[in-house]
Amino acid sequence: DEALAELTDHHLHDSRPETATAEMAARLVRWLARTPEPAGSLREHVDRHVRDGAWVDRAVTDLRYSGHTEFAGLLDAVRARRDERDREFAERLAAWSGVSGGATDLVLVENLLETIARPLAAEVAPLIIVVDGMTAAIAGAITTEIVRGGGWTETGRHGQGREGALATVPSITAFSRTSLLSGELKAGQQTDEEHGFRDFWGTRASILFHKADVRDGVSDHIKAAIADRSTVADVVLNAVDDSLDKGRADGRADWHASGIAGLD
């Protein structure tokens, strides 16, 4: 902390990317010094990842791709702590999945529309944006940027704010995204998602746009659907998912709202 204070006291610290890297390193050192939070239920594990683990992952990405090898020891120590938490979560998930029971007050990918979107639709048709393949760390970075940009406020169902939703196992598009858009646990492709989304909303006007629809930008047709406050519109954006398969053209590891085509 003292070393970081000396760095940030320098009048040129804002002009150097190393300052942000050092701040992330200091946060990870503090995180390692804390006694880990206990998590008993599956819901507590999910909440802990959203409020803690995702931010750790974001800091790790910044350090790993900073080009500074001096942080290798710190990253190894953080990875060991994160691996331990991941094992705890996996054991809890396996125990819960084994009995095939319901998850009390836990949002699952297959009930997210029912839990989050349908209550909103009673007031006005929601716009649902799916950024496929996105981690909680990426979600946090993008959301922070959008809110700081002005005009948007993040809100949630409960006082603690942001919630996590449990994906399918395995958490791949054919299972997780199809289940999300259909409102039930199932596997499928884009056609199945379109049918499932339409069936979920029943007589309510709804429309689902996929990658091909936004490949050349957000058309007037999509803008009109979003502007129609009586139609539930869903847009799937694939920038993150595509990067997992093909890599990113700019070689960057961090994500910004401007880097996801169509999001603006």
Side-chain angles (χ1 to χ4, degrees), residues 1-39 44-90 131-150 152-154 156 160-165 167 171 239-244 247-260 263-264:
D1 284 340
E2 290 174 358
L4 181 62
E6 289 182 9
L7 176 65
T8 54
D9 280 345
H10 194 283
H11 67 286
L12 291 178
H13 80 274
D14 281 338
S15 65
R16 301 288 297 184
E18 289 89 343
T19 301
T21 303
E23 289 173 338
M24 286 296 189
R27 290 177 185 177
L28 289 176
V29 170
R30 296 185 200 113
W31 180 76
L32 284 171
R34 292 201 332 250
T35 301
E37 295 179 22
E44 289 173 343
H45 277 280
V46 172
D47 286 345
R48 186 171 71 173
H49 181 67
V50 170
R51 308 193 195 298
D52 190 58
W55 299 95
V56 172
D57 292 347
R58 183 176 169 187
V60 165
T61 298
D62 286 353
L63 261 64
R64 180 175 291 137
Y65 292 94
S66 68
H68 297 285
T69 58
E70 296 86 355
F71 297 115
L74 174 59
L75 290 174
D76 287 344
V78 172
R79 183 72 266 164
R81 172 78 64 84
R82 285 287 288 111
D83 285 347
E84 182 180 346
R85 287 191 171 189
D86 286 346
R87 279 192 296 271
E88 292 174 358
F89 169 71
V131 183
D132 204 359
M134 180 171 60
T135 64
I138 296 173
I142 291 173
T143 303
T144 299
E145 183 177 319
I146 291 173
V147 172
R148 283 179 179 171
W152 293 89
T153 301
E154 183 177 5
Q160 73 267 28
R162 188 179 304 171
E163 291 182 79
S171 56
V240 177
D241 190 43
D242 287 344
S243 75
L244 298 176
R248 292 177 60 179
D250 58 10
R252 296 174 63 96
D254 57 330
W255 282 94
H256 298 277
S258 59
I260 298 178
L263 183 57
D264 57 341

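These values consider heavy atoms only, across backbone and side chains, with no hydrogens, waters or symmetry-generated copies. Here the structure is a predicted model, which is why all the values come from computation and not from measurement.
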Taking atom [atom1] of [X] and atom [atom2] of [Y], what is their separation to the nearest 0.5 Å?
X	Y	atom1	atom2	answer
Phe71	Asp62	CZ	CG	10.5 Å
Met134	Asp241	CE	CG	11.5 Å
Asp9	Glu6	CG	CD	8.0 Å
Leu7	Thr19	CG	OG1	4.5 Å

To check you understand the geometry: which heavy-atom pair defines the closest contact between [X] and [Y], and what is its length?
X	Y	answer
Thr8	Ala5	OG1-O, 3.2 Å
Ser66	Thr21	CB-CG2, 3.7 Å
Asp1	Arg30	OD1-NH2, 3.0 Å
Trp255	Ala239	CH2-O, 3.7 Å
Met24	Ala59	SD-CB, 3.7 Å
Ala137	Ala54	CB-O, 3.3 Å

Review point. Is it true that Glu37 and Arg51 make a salt bridge, defined as a side-chain N closer than 4.0 Å to a carboxylate O?
Key: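 No salt bridge links Glu37 with Arg51.
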Report yes if the side chains of [X] and [Y] come closer than 4.5 Å at any heavy-atom pair, otherwise no.
X	Y	answer
Leu4	Glu23	yes
Ile142	Leu263	yes
Asp57	Arg82	yes
Val78	Leu75	no

Point to revise | side chain to side chain donor-acceptor pair (under 3.5 Å) involving Trp31 - partner list, sequence neighbours excluded | key: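 Checked Trp31 against side chain to side chain donor-acceptor pair (under 3.5 Å); matches are Asp52.
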Review point. Is the backbone of Ala39 close enough, under 3.5 Å, to the side chain of His45 for a donor and an acceptor to pair up by distance?
Key: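 Checking the backbone N and O of Ala39 against the side chain of His45, a donor-acceptor pair under 3.5 Å is found.
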Review point. Taking only residues at least two apart or on different chains, which pairs with a member in residues 131-147 satisfy side chain to side chain donor-acceptor pair (under 3.5 Å)?
Key: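 Sorted pair list: Asp132-Thr173, Asp132-Arg177, Glu145-His256.
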**Study point:** salt bridge (charged side-chain N to carboxylate O under 4.0 Å, His left out) pairs, two or more places apart, involving residues 66-81
**Key:** Arg79-Asp83, Arg79-Asp86
Exercise for review: Could you please spell out the steps behind the side-chain contact (heavy atoms from CB on, under 4.5 Å) verdict for Leu32 and Leu74?
Suggested key: CA-CA 9 Å; Leu32 284 171; Leu74 174 59; 3.6 Å; yes
